[in-house]
Structure formats: structure tokens, C-alpha cells
Enquirer: 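One structure, pasted below without further comment.
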2 protein chains.
Amino acid sequence: MAGVIHIVDDDASFRTAIERRLKKAGYVVATYPSAQHLLDCLPSENELGCILLDVRIPGLSGPELQGRLSEIGSILPIVFLTGYADVQTTVRAIKAGAEDVLTKPVSSEELLAAVERALAHHQLMRGQRNQLEIVRALIAKLTPREREVFELVIRGKTNKQVANALGATERTIKAHRHRVMEKLQVQSLAELVSLAERAGILSSPSGTGQTN
Amino acid sequence: MAGVIHIVDDDASFRTAIERRLKKAGYVVATYPSAQHLLDCLPSENELGCILLDVRIPGLSGPELQGRLSEIGSILPIVFLTGYADVQTTVRAIKAGAEDVLTKPVSSEELLAAVERALAHHQLMRGQRNQLEIVRALIAKLTPREREVFELVIRGKTNKQVANALGATERTIKAHRHRVMEKLQVQSLAELVSLAERAGILSSPSGTGQTN
DNA sequence: TTTTCTATTGTCCCATGGGACAATGCGAAC
DNA sequence: GTTCGCATTGTCCCATGGGACAATAGAAAA
């Protein structure tokens with residue numbers, strides 16, 4: 001699987017060694033002497049890739065960089081490279097979403113296998129994220145009012161109930177509802193609910209408080 | 001948080017030592033000299049608990065036991081206790097769902113903190129699993145025919161379309177649909193779709209192939 | 001054999017959803 | 001000042017959903 005491998009390590013000779021091995025395997029490589037360098041020049045999320053990250057580096061540490069990237073919504077998989085076995089750190093890194101943790105020195109098989117897994121994972125994640133973003137983008141196009149109607153409709157409210165809740169005529173709700181279905185490109189209520197569920201809306205059921 | 005801690009370790013003196021520490025902290029403790037012993041006498045999933053599991057034990061290893069438990073659907077959190085730092089094993093354990101990995105000798109703070117996290121996690125998981133099981137149980141009560149109707153309805157098919165698809169009258173579908181709503185205890189299509197989504201049905205959209 | 005469950009279908013009727021066609025009022029942008 | 005997007009509401013009409021009441025038929029269970 002082709003991809004860009006981002007190596008973050010303060011040890012220049014190590015970077016070069018790893019870079020050479022990866023390039024030989026056909027990967028595109030970018031190297032960074034520190035976490036900050038990577039943050040300053042954020043890799044595009046649009047191309048397949050992963051990060052090979054040293055745990056202990058001057059300045060921002062590996063796990064710290066992991067946290068920053070996570071905060072800004074990055075889904076670039078991270079493979080940690082650590083000088084010595086530290087179970088505590090390993091556990092935290094994996095739980096924080098790291099793809100793998102390898103110990104130096106790392107064999108080429110280990111390294112390449114981990115990178116392949118990371119790239120495959122990134123592939124998957126990107127697919128999922130794209131789906132989600134497409135849906136979110138559609139929802140973002142709703143006007144505030146349409147959004148309100150949307151929220152109630154996907155919870156099973158009838159037009160009449162929505163009308164009462166929002167202080168408008170049933171006819172008006174019908175119009176909003178129509179535009180919602182149009183903008184979200186769905187033909188049925190089922191699809192609308194399904195879409196809302198996938199978009200992460202709809203967490204609290206909020207029953208069907210009959211108030212005809 | 002009260003709970004039953006299941007200790008699996010072949011070292012009797014270690015078991016006893018940990019047991020004493022946990023009992024002092026107010027936990028109920030059960031000890032097992034091997035993974036097989038725990039499998040033979042499976043802890044009830046109904047009570048809050050977690051497993052303290054040695055990685056290297058004669059017979060079934062810790063990770064192997066983890067695999068077995070996972071296969072049979074156990075959600076008891078596992079905290080591994082390992083004699084020496086093994087990053088490879090640690091990564092696998094955590095990725096396989098282990099709650100934590102601690103190295104021996106383990107401090108009481110570390111141990112108790114991990115146990116508390118494990119219990120809290122178990123609490124959460126049990127809640128989620130119960131929700132899911134309630135829904136699944138409801139769905140399981142559907143007759144085969146009702147199930148077919150259900151599957152199509154939650155994908156946005158109209159009664160007419162379902163009738164054509166299943167070779168029955170629209171009226172018949174209406175009857176089935178009614179019983180589905182009744183059995184699944186929902187009042188609206190939106191709730192039905194929502195429920196299906198939560199139950200894990202509904203993965204492939206399968207559009208709204210208009211075939212009136 | 002009788003009961004029970006499941007699947008099937010009917011009719012009558014009303015509430016709800018949704019398309020077509022049309023229009024008004026109000027801010028904000030140009 | 002005019003245009004544009006948004007919210008609002010109307011009427012007419014039809015398709016669909018869904019409740020009420022009722023009934024038939026086959027298969028499985030008691």
C-alpha cells in the first residue's frame with residue numbers, strides 16, 4: 001500500500017536509517033526532528049499516511065504530540081518507536097489510539113508490518129470520516145428552523161406535534177420538513193432517521209410524549 | 001465501588017498477597033490457580049467485577065484466556081499483571097480489550113486505581129449490554145415473517161413495496177407491521193428505525209428502489 | 001382432537017404525509 | 001431600492017399509515 005510515512009525523531013542518524021528502509025520498501029517519507037516541526041507543517045489528511053513517532057524527544061514528547069493531534073481531529077495513525085520497554089507508557093499510548101508501539105532497535109519486518117497495518121487502518125478511518133463529513137455537510141446546510149424541525153421529526157414527532165412545539169402551523173412544518181428531506185437527499189422518514197443516527201444526532205430517545 | 005475481583009495466578013503466595021490487599025480495600029476476592037479453573041467456574045456476568053490476570057501461567061496463558069473469554073462474550077474487564085515489561089504482549093493485550101497492564105511488583109495505589117477503573121468500565125459495559133440485550137430480546141420475539149417485514153420497513157419501503165417484495169397483500173403487510181410495532185414497543189416509524197440502528201441491523205442502506 | 005400460533009386477507013374510515021400551485025412579510029446583502 | 005434567502009401560511013387532492021372489527025386456513029403443540 002502506497003503512503004507517506006512521517007518520521008518524528010530527534011536522532012538524525014536514526015531518522016535517516018529508518019527513512020532509507022522505508023524508501024526501499026516504496027514509501028514516500030517525510031522526516032521531522034521534533035514534534036513541533038510536524039505540528040508546524042501538518043500533513044494533509046487527504047493522503048494516505050502514518051506517523052512513526054519517537055516517545056522521548058526534546059520539546060513536546062511523543063504522547064503529547066499524540067494528544068495534540070487527537071485534539072485537532074487528526075486521524076493519522078501513530079506507530080510509536082520507543083527506546084526501552086515502558087509498559088505504562090505503552091498502555092497509555094495504545095488506549096489513546098496509537099496503532100502500535102515498537103521497541104528500538106526495530107526489525108524491518110516489524111516496522112513494515114506495523115506501517116502496513118497503520119496505512120490500512122488509515123484507509124478505513126478516512127472512508128468512515130468521509131461518510132460522516134458528507135452527512136454533516138448536508139445537515140449543516142439546514143437553516144436553524146429546518147434544523148429544529150429535523151430534530152423533532154427524527155424523534156418520531158408528527159407534523160402536528162412539531163407545529164405545537166415550535167408554535168407554527170402544521171402547514172409550515174410540512175414545508176420545512178419537505179425542504180429537510182430535499183436538502184438531506186432522502187426519500188423516506190426511515191432514511192432520514194438512519195442518517196441522523198449515523199451523524200451522531202439522536203442519543204437520548206426522549207420518548208413519544210403524546211400531546212395531541 | 002464494590003465488586004468481585006477474580007485473581008488468576010499460579011503463584012499461591014502472590015495470589016494471597018494480592019488477595020489480602022484487595023480485601024483490605026473492601027473488595028470480595030476469588031482466586032484461581034490457573035486459567036482453566038476460571039473457565040470451569042465462570043464468574044457471573046451479573047455482578048460487578050474484574051479479572052486480575054497473570055500473563056505467563058502454566059496451561060492456558062493470560063492472553064489466551066482473554067481470547068476465550070472474549071469469544072464467549074464475556075465483558076469482564078481484565079487487568080494484566082506481568083512479571084516483566086513486554087511491549088509486544090502489552091500492545092496485543094490492550095488492543096484485545098484489556099483494561100490495563102501492570103508490572104510486578106505492583107504498588108497498592110496502582111493496583112487499586114486499575115481495579116477501580118476496571119470496575120467502572122464494567123459498570124458502563126453492563127449498562128450498554130443490557131440495553132442491547134433488551135432490544136435483541138424484543139426482536140427475537142418476531143416471527144420469521146414479521147422479521148422480513150421489519151427489515152424492509154426500516155429501510156424505508158412502503159407497505160405496497162413490501163407487499164410486492166414478499167408476495168402478499170398490502171393488507172397483510174399492514175397486519176404484520178402492526179404486530180412488529182407492538183412487539184418492539186414503539187409508536188412511530190422513527191423509533192422503529194432508531195431501535196433497529198441500535199440493535200446493529202441496518203448497515204447497508206440499499207436505497208429506495210422505487211418499484212411501484 | 002382441540003387449542004394455539006402464524007399467516008393471510010377483507011372492509012370501513014380517519015389521520016397523516018406529501019405534491020402542486022401560490023403568496024406574504026422580513027431582514028440582509030448588493 | 002431591489003434582490004435573495006428564510007419563515008410563514010393557504011387550498012386542493014391523493015397516497016399511505018393505521019385503528020376497529022372480523023374471518024379463514026394450515027401447522028404445531030398440548
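Within every chain, numbering begins at 1; the chains are lettered A, B, ... in the order of the sequence lines, protein sequences first and strands thereafter. Nothing here was measured: the structure is a model prediction, and the numbers come from that model.
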Enquirer: Which letters describe nucleotides 24-30 of chain C, given B = protein heavy atom under 4.0 Å from base, S = only from sugar-phosphate, - = neither?
Expert: -------
Enquirer: Not counting sequence neighbours, which residues clear side-chain hydrogen bond (donor to acceptor under 3.5 Å, both in side chains) with B:Glu197? List them please.
Expert: A:Ser194
Enquirer: Only distances under 3.5 Å count here; give the side-chain donor-acceptor pairs of residues 91-100 of chain A to other protein atoms, sequence neighbours excluded, each with its distance to 0.1 Å.
Expert:
unit_1	atom_1	unit_2	atom_2	d
A:Lys95	NZ	B:Glu99	O	2.5
A:Glu99	OE1	A:His121	ND1	2.9
A:Asp100	OD2	A:Arg117	NH2	2.5

Enquirer: Can you find a heavy atom in the side chain of B:Val153 that is under 4.5 Å from one in the side chain of B:Arg177?
Expert: yes
Enquirer: Residues in side-chain hydrogen bond (donor to acceptor under 3.5 Å, both in side chains) with B:Asn130, at least two apart?
Expert: none
Enquirer: Let's see if you get this right: which residues in residues 136-144 of chain B place a heavy atom under 4.0 Å from DNA chain D?
Expert: none
Enquirer: Sequence neighbours excluded, which residues qualify as salt bridge (Lys or Arg N to Asp or Glu O under 4.0 Å) partners of B:Lys23?
Expert: B:Glu19
Enquirer: Keeping to residues at least two apart or across chains, list the side-chain hydrogen bond (donor to acceptor under 3.5 Å, both in side chains) pairs with something in residues 65-78 of chain B.
Expert: B:Glu45-B:Ser74
Enquirer: Of A:Val180, A:Val149, A:Leu195, A:Leu192, which is the lone residue that meets side chain to side chain contact (heavy atoms under 4.5 Å, CB included) with A:Ile154?
Expert: A:Leu192
Enquirer: Does A:Ala175 reach a base, just sugar-phosphate, or nothing at all? Heavy atoms under 4.0 Å.
Expert: base
Enquirer: Scan for ring pair (Phe, Tyr, Trp, His ring centres under 6.0 Å) pairs involving residues 26-58 of chain A, sequence neighbours excluded, and state none if there are none.
Expert: A:His6-A:Tyr32
Enquirer: Checking side chain to side chain contact (heavy atoms under 4.5 Å, CB included) against B:Leu38, which of B:Leu60, B:Val8, B:Leu76, B:Ile7 comes through?
Expert: B:Val8
Enquirer: Give a yes/no answer on whether the side chain of B:Thr169 brings an N or O atom under 4.0 Å of OP1 or OP2 in C:dT8.
Expert: no
Enquirer: Base contacts versus sugar-phosphate-only contacts with protein, heavy atoms under 4.0 Å: please encode nucleotides 17-30 of chain D as B, S and - from 5' to 3'.
Expert: SBSBB---------
Enquirer: Starting from P on D:dG5, measure out to CZ on A:Arg179 and report it in whole angstrom.
Expert: 12 Å
Enquirer: For B:Val193 and B:Arg155, run side-chain contact (heavy atoms from CB on, under 4.5 Å): C-alpha distance rounded to whole Å, both residues' side-chain angles, the deciding distance at 0.1 Å, then the answer.
Expert: CA-CA 8 Å; B:Val193 174; B:Arg155 283 177 171 72; over 6 Å; no
Enquirer: Any pair with a residue in residues 139-188 of chain A that passes ring pair (Phe, Tyr, Trp, His ring centres under 6.0 Å), sequence neighbours left out, goes on the list, sorted by first then second residue, please.
Expert: none
Enquirer: Calculate the interatomic distance between A:Leu166 atom CG and D:dA7 atom P; express it in whole Å.
Expert: 11 Å
Enquirer: Identify every side-chain donor-acceptor pair in residues 48-57 of chain B under 3.5 Å, counting partners at least two apart or on other chains, and give the distances.
Expert:
unit_1	atom_1	unit_2	atom_2	d
B:Asp54	OD1	B:Lys104	NZ	3.3

Enquirer: By nearest nucleotide on DNA chain D, pick out whichever of A:Gly167 and A:Lys183 is the more 5' one.
Expert: A:Lys183
Enquirer: Compute the angle between the rotation axes at the two ends of the helix from C:dT1-D:dA30 to C:dC30-D:dG1, each taken over five pairs, rounded to 10 degrees.
Expert: 40°
Enquirer: Can you tell me if A:Thr169 uses its side chain to pair, donor with acceptor, with the backbone of A:Arg171 under 3.5 Å?
Expert: no
